[in-house]
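Remember, predicted model here, so these are calculated numbers, not experimental data. All values below come from the heavy atoms of this structure, side chains included, with hydrogens, waters and symmetry mates left out. Chain A is the first sequence line, chain B the second, and so forth, proteins listed ahead of strands; every chain is numbered from 1.
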Amino acid sequence: MEERVLLSASHLCKKFRLDRKNSIYAVRDVSLDIYRGETLALVGESGCGKSTLARLLLRIIKADEGSVLFEGRDITGLSEKALLPYRKEMQMVFQDPASSLDPRMRIRDIIAEPLETWRIYDDRRKIDDRITELLEMVELNEDCLDRYPHQFSGGQKQRIGIARAIAAEPKLIVCDESVSALDVCVQAQILNLLKRLKDRLKLTCLFISHDLSVVSFIADRVCVMKNGAICEMDAAEKIYASPEHEYTKYLLSSIPKLIF
Amino acid sequence: MNKDLLLEIKDLTVSVKRKKEAVPVVRGVDIDIPRGGIVGLVGESGCGKSMTAKSVNRILPPFAETTGGSILWHDSPGETTDLLKLKEKEIRKKCGTEIAMVFQEPMTSLNPMMRVGDQIREVLKIHKIEKDPAVSKERVVKMLGAVGIPQPELRYNSWPHELSGGMRQRVMIAMAMICSPKLLIADEATTAVDVTIEAQILDLIRDMCHASHMSALVITHNMGVVSAICDHVYVMYLGSIVEKAPVRELFTNPLHPYTRGLLSSIPRIGNNPEYLETIPGNIPVVRKPFSGCDFCMRCSDDVRKCFMESPEMREAGNDHYVRCHTALTGPDPGESKGTE
Ligand SMILES: Nc1ncnc2c1ncn2[C@@H]1O[C@H](COP(=O)(O)OP(=O)(O)OP(=O)(O)O)[C@@H](O)[C@H]1O
Ligand SMILES: Nc1ncnc2c1ncn2[C@@H]1O[C@H](COP(=O)(O)OP(=O)(O)OP(=O)(O)O)[C@@H](O)[C@H]1O
Ligand SMILES: [Mg+2]
Ligand SMILES: [Mg+2]
């Protein structure tokens, strides 16, 4: 195993049943490496299996076939308990923020949870300082700490999810459409934040998005998926400048242009 | 009134209770939606777009209430009702049949215990639009296909959690469109779908507006979507409308510094800087006593006046309005006030 590979997946497959006769291959025979410190973007049409693949990589769900190595160690068959130490290093910001934040917890506790679980800081004051710092990073005001998730707008919930995910400084973060409901201005701030984290902390990021202009800004490499399989994976400049696969060309050609 | 309007939001105010204090989150919003027209509403995250939309069909969350203004519904040019004054029962009836909304968070607005097809069919049943179960099922399947769900017959039987994020959004859109509403409110309805399906859905909305005179209020942060389907755009900042204009006018001649900031923060393929341009500063906390312009702390060409008085909406010609002291006169208005 190469030192520069952080996470490596080989031949992952996942099938879901639609009804008694029909099933769908959400992920079929996917192999990929995620390098340390890179931002790998995962793009492709809605329903092609991006979120499912991310869940398989982080072992949130179990694959039917294939294996996942994190820093060279096989985590495919680990029990939930044995996975715990890996959970700190791999965080996911879910696509649907409303259903992934615990509605009964205040924002302070939601963000503090990973810090407490992993005992990052030994005293309360340091935790509070870190929370303040995280809120600033995602452009939220301190007055939101005592509120509950349902008291926030959609975009604010997305940012709370991001703050929680980066709280314990994981090695890998998966952002599933995490900036898609943000206005371009806050979106730019969050994208800059991710880029800064990458530059300074060598954060590795799997960035799922359907917005190809956002991807062009953030990604080092792009992986294009269709129907559960990878159809093209290459350096971002290469994909944008000279796409090889027909589907990639089609995707690039259908980006809505600002008409004016 | 020269335009044929379907909906007029007038001086709408919404407040939320926070620690026993009422905090205004929508402050004096005016929006006109013409019959058959598509109006875009853009603005910073948390500025009150969803609250404005939810006031129209009166589904504000607990702790939030409309504290002022009116929402006038013009059934026909002579017939007007204030939606805020309707009885609960009347507004629910209107919302099922004439006003449909696509919510920003599909998972929280779909019933997790019911197959998605049946959920859509329920709409037809409750509002007595179609009684025959076979016919209505067929209608639902057709609608699922129209919003780009592959294998709609099979997907009719899926549970919400079995769908991808973008598919759930499309189910919501199908549910809203199936009863051919007069007004569609789409709140970030295509954020999770890819460009090709987004285009298909936008076409569908546009077709319904042209063919059956549906009107739409489209809330989005995606300027590409705005430029593709909207006729008119409203820009919202911290609870109030700061600029409104016909779509082409807004893109070619943005006047408010916030709008200009919005347009310059869009990442563009091909010429990406090391870091994206952003508007400096934070979105301020709403504090009641402040009398100046809401944007003055983040504005580059602020003058003294901006800290002293809140600007009024002023016309800039071409049906273009802006709430800014300096946009029309340049950074140094001097004594010009009152001379126009
Ligand atoms: N728990 C499940 N049960 C059944 N089918 C599922 C389940 N989860 C996902 N699927 C199906 O797997 C396919 C891939 O879904 P996935 O959520 O990975 O798509 P996606 O690429 O993330 O799409 P989107 O961009 O719309 O979020 C879809 O057809 C979906 O319906
Ligand atoms: N139940 C609630 N209690 C208190 N405050 C709330 C509640 N719901 C929303 N808010 C606040 O009201 C403001 C307006 O929220 P709204 O949902 O209208 O924003 P939005 O413009 O739709 O933003 P986004 O683009 O992020 O969805 C936000 O600042 C939010 O924090
Ligand atoms: Mg997804
Ligand atoms: Mg909203």
Quick one: what part of [X] sits under 4.5 Å from any heavy atom of chain B, side chain, backbone, both or neither?
X	value
A:Q156	both
A:R196	both
A:D176	neither
A:E45	both
A:L182	both

Fill in: Sidechain N-carboxylate O distance under 4.0 Å for A:K195, B:E274
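Looking at A:K195 and B:E274, the cut-off is not met.
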Discussion item. Only heavy atoms, only distances under 4.5 angstrom. Which residues in residues 207-231 of chain A are near chain B?
Written reply: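 At a heavy-atom separation under 4.5 Å, chain B is reached by A:H210, A:L212, A:S213, A:V214, A:S216, A:F217.
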Fill in: Close contacts, residues 244-251 of chain A versus chain B, judged by heavy atoms under 4.5 Å
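Checking residues 244-251 of chain A against chain B gives A:Y250, A:L251.
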Would the number of heavy atoms belonging to other residues, nucleotides or ligands and lying under 6.0 Å from [atom1] of [X] be above 12?
X	atom1	result
A:K238	NZ	yes
A:E133	CD	yes
B:Y156	OH	yes

Inter-residue atom distance [X].[atom1] - [Y].[atom2], 0.5 Å rounding:
X	Y	atom1	atom2	result
B:M51	A:S153	CE	OG	8.5 Å
A:N22	B:R155	CG	CZ	10.0 Å
A:C48	B:D194	SG	CG	8.0 Å

Fill in: Part of residues 185-193 of chain B lying next to chain A, heavy-atom separation under 4.5 Å
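The list, in residue order, reads B:E188, B:T190, B:T191, B:A192, B:V193.
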Item to complete: For the residue pair A:Q189 and B:Y275, establish whether any side-chain heavy-atom pair is separated by less than 4.5 Å.
Response: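 The answer is no, as the side chains (C-beta and beyond) never meet within the 4.5 Å cut-off.
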Worksheet item: Do B:L154 and A:D19 have side-chain heavy atoms sitting under 4.5 Å apart?
Response: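 Of all side-chain heavy-atom pairs linking A:D19 with B:L154, at least one is under 4.5 Å.
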Fill in: Passing candidate, side-chain contact (heavy atoms from CB on, under 4.5 Å) with B:S45, options A:R159, A:K157, A:E139, A:Q187
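One option only clears the test, and that one is A:R159.
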Worksheet item: chain A: which of B:L262, B:L276, B:I197 shares the most heavy-atom pairs with it under 4.5 Å?
Response: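 Most heavy-atom pairs under 4.5 Å with chain A: B:L276.
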Worksheet entry | Residue part contacting chain A, namely of B:S265, when any heavy atom lies under 4.5 Å |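 It is both, since atoms from each part get that close.
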Practice prompt. Could you have a look at A:A26, A:G49, A:A241, A:S180 and say which one has the most heavy-atom pairs with chain B under 4.5 angstrom?
Written response: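 Option with the greatest count: A:S180.
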Fill in: Interface residue of largest heavy-atom contact number with chain B, from A:R147, A:Q95, A:H150, A:Q158, under 4.5 Å
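Heavy-atom pairs under 4.5 Å are most numerous for A:R147.
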Worksheet entry | Heavy-atom closest contact (A:L18 atom, B:Q151 atom, distance) |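 Answer, listing the atom of A:L18 first, then B:Q151: CD1-OE1, 4.3 Å.
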Worksheet entry | Results of ring pair (Phe, Tyr, Trp, His ring centres under 6.0 Å) for B:H256 - residues two or more places apart only |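 Expected list: B:F295.
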